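A short write-up of the structure that comes next.
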Amino acid sequence: MIDAFAKLDRQVQKWVYKQGWTNLREIQSKAIPPILACDRDLVISASTAEGKTEAFFLPGCSAVVGRKQAVSILYISPLKSLINDQYRRLRELCDMLDMQVTPWHGDVSQSKKKHFKRNPQGILLITPESLESLLIREAGWIKPSFSQLKYVCVDEFHAFIGTERGQQLLSLLNRLEHLLNRLKDPIPRIALSATLGELDKVPLSLRPNGSLPCKTITSSKFRNPIKVQVKGFVEPAEVLEDDSNNPAEHQICREIYQRCRGDSHLVFAVSRERTESIAVSLADFCEQNGVPNEFFPHHGSLAKNLREDLEARLQIETIPTTAVCTMTLELGIDIGKVNSVVQVTAPHSVSSLRQRMGRSGRRNSPAVLQMLIAEKQINKSSNINDHLRLELVQSLAIVRLMIVRKWFEPPDVRQLHLSTFVHQILAVIAQWGSIRTDQLYVLLCDQGPFKKISVGHYKQLLTHMGKEKLLQQFNSGELVLGIEGERVVNHYTFYSVFHTPIDYRVVTENKTLGSLPAQNVILKEQHIVFGGKRWKVTEIDDVRRVVNVVSAKGGNPPKFNGSGISVHDAVRMEMYRIYSAGDYRIEVSSRKIDFADDQARHLFQEAAEFFHRADLKNQLIVQIGTNCYLFTWMGDKIINTLTVLLKQQGFVASSFGGVVEIQDAAKDEVKKCLTDLANCELPTETELARELKNKRVDKYDRFIPEFLLNEGYGRKAFDSLAAKDWIRTRLCH
DNA sequence: GACCTGCTGCGGGGTG
């Protein structure tokens with residue numbers, strides 16, 4: 001450890017002393033030799049607040065100190081706010097090293113950018129979108145300015161893996177190496193990441209062409225103990241018309257109020273709508289009790305300054321503050337640690353729950369999680385899903401997977417990312433002016449990250465893009481942008497690969513509170529909840545897309561849009577094990593720890609009894625009245641596949657919470673149908689996708705021909721092989 | 001029955 005420290009630059013060592021650090025953290029010491037060697041990629045995987053940033057920058061800066069001719073380190077972050085944070089943290093170190101550090105994103109002033117362009121050196125902190133714009137517009141400047149580039153560092157790498165934006169990033173890094181003639185002598189990539197599942201697969205996600213070896217560093221540090229409780233609530237069967245007084249949610253808010261007031265906590269409420277309704281109820285409790293409000297909402301549709309005010313307040317430990325939030329407070333921004341984390345309604349993945357837990361656990365105190373789950377009261381009209389209490393059992397399963405099995409979801413790496421492929425074709429042509437089709441394929445698919453795209457598909461896509469006037473091909477084989485291509489590329493929204501719907505701005509007295517999706521109807525005089533407060537809509541301007549509001553009483557939060565959720569196989573399999581055993585408790589050295597409260601335990605016992613009575617341990621198809629219910633206890637890809645297969649065969653099938661409902665069908669009929677299907681070739685995922693409408697979900701899907709779109713969509717939504725395997729191994733026996 | 005992220009160049013007006 002001490003040896004590693006000795007290898008750092010003297011000024012860097014001085015900076016470490018100045019921080020009052022007596023020694024480096026484990027991952028920081030471990031990272032020094034491989035970064036100084038500069039001959040391989042590196043994945044630094046550790047939980048928040050273990051000093052990952054310094055783990056890279058201490059040796060990284062040591063290796064490049066004194067170099068003035070060109071940029072030495074390129075740091076890429078998914079968030080502008082993180083770039084601003086890192087800039088503040090790096091400035092002192094870089095001042096001591098007489099090294100330039102420059103933040104570069106959409107909010108950085110033109111003057112700062114101009115200064116850097118005249119004087120490119122040191123460290124550049126940038127977003128993928130800004131790097132894209134530099135490659136397209138300033139490739140001639142990048143070539144000399146980055147000629148000495150020694151490291152590329154990607155922060156929050158887990159947020160990129162398997163996404164459209166991550167695919168763009170990989171393509172950008174490959175295009176950069178190509179531009180700098182560094183394909184044979186690649187620039188080492190350092191990925192900083194929260195703890196990941198399946199660490200052995202990360203190197204391929206960091207450099208798909210494998211042109212440089214990769215080392216992975218993790219921390220063996222003893223983690224804070226974890227305290228978890230699941231609390232149950234009962235939703236009365238007869239809910240009054242006025243759902244503003246939703247009884248279970250009211251009880252849940254009372255629980256949060258009593259638990260959280262006086263300290264700092266995060267309440268993850270899953271949807272923006274629920275975030276608003278809980279935040280405003282808690283503010284109401286404060287008002288009724290004559291105490292100052294300390295509960296505030298935080299989500300992506302809230303104005304930036306409101307969010308930043310709350311983030312700043314969370315950092316002040318002496319002021320009790322509870323943020324009711326969506327995943328906006330899951331990663332990235334430095335808000336310090338909170339006393340505990342509350343999760344309202346079941347989380348959908350183990351990995352996001354883990355991230356959330358990481359926000360709790362101040363100085364040697366345990367990380368505390370409370371899950372508040374409402375289930376419906378059972379009556380005559382209750383359906384099978386109500387009886388099974390799927391949400392409660394999903395919550396129990398996810399806690400067990402996190403604590404007992406220490407498992408979490410790997411990213412889906414089967415996807416084609418066709419929308420981003422179209423984007424990168426346009427971007428590369430815009431960058432070079434023109435390129436031969438074979439060169440373009442080598443750059444994006446052979447060397448770059450689009451390895452799953454065949455030459456045949458590539459050619460058909462180019463033909464289609466030609467028809468759409470995105471491209472034009474000369475007789476020489478050179479591709480240039482077509483009229484439509486020029487139009488798309490020259491618009492400033494081109495640089496991002498993710499889709500953003502049109503919004504209305506919500507304004508009061510010239511202050512912007514946030515935004516609302518345009519599709520959702522808001523009426524004049526309507527009372528709404530927004531930003532944790534109550535308002536009346538006074539005016540709607542459809543041209544400027546502005547909703548004006550004034551302070552008022554009453555009202556409900558507006559609807560925001562959301563698409564489907566996806567639950568992994570492992571979660572449903574764990575649910576099946578819990579039901580079958582009739583026991584969810586966690587075994588710790590021959591003792592069983594019950595992490596549910598009385599109400600949750602009671603709700604679970606009722607559900608387990610129902611499961612047992614219906615013999616769901618052995619029965620995979622159940623007949624209730626004229627309907628059938630199919631239980632696979634598998635993830636949503638298999639559920640989707642079976643649902644569409646049954647529909648194709650003429651059944652009326654739909655799924656909810658992982659259970660497939662088949663209307664007006666006999667159990668044996670359904671079983672025979674699926675068995676027969678599995679005895680021959682099942683339709684491919686592409687064939688299943690043909691059955692569906694509304695498949696254009698990603699930003700550039702509108703430029704993809706139907707047959708290719710089916711291929712891309714099929715891989716996202718279905719898994720024919722796994723579905724066939726399930727029928728043969730489970731249903732046929 | 002879900003969430004999040006980002007982007008330009010230019011012209012007009014105000015300030016020091």
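Sequence lines set the chain letters: A, B, ... in the order given, protein chains first and strands last, and positions in each chain run from 1. All values reported here derive from a predicted model rather than from experimental measurement.
Taking atom CZ of residue A:R274 and atom C1' of nucleotide B:dC3, one finds them 13 Å apart after rounding to whole Å. Note: CD1 (A:I398) to P (B:dA2) measures 15 Å, nearest angstrom. B:dA2 atom P lies 18 Å from atom CD of A:E409, rounded to whole Å.
Within the nucleic acid shown, A:F656 comes within 4.0 Å of at least one base atom, counting heavy atoms only. Base contact: A:S655 has a heavy atom under 4.0 Å from a base atom.
Using the six-membered ring where Trp is involved, A:H299 and A:F530 have ring planes that are perpendicular, over 60° apart on the 30 and 60° scheme.
A 6.0 Å sphere centred on NZ of A:K376 holds no more than 12 heavy atoms belonging to other residues, nucleotides or ligands. More than 12 heavy atoms of other shown residues, nucleotides or ligands fall within 6.0 angstrom of atom NZ in A:K695. Heavy-atom neighbours of A:K559 NZ from other residues, nucleotides or ligands within 6.0 Å: at or below the threshold of 12.
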Exercise. Using a cut-off of 4.0 Å between protein heavy atoms and nucleotide atoms, how would you tag nucleotides 4-16 of chain B 5' to 3' with B, S and -?
Worked result: SBBBBS-------
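The six-membered or imidazole ring of A:H499 lies away from that of A:Y700, with a centre-to-centre distance of 6.0 Å or more.
Across all non-hydrogen atoms, the minimal contact from A:V342 to A:I256 is CG1-CG1, 4.5 Å.
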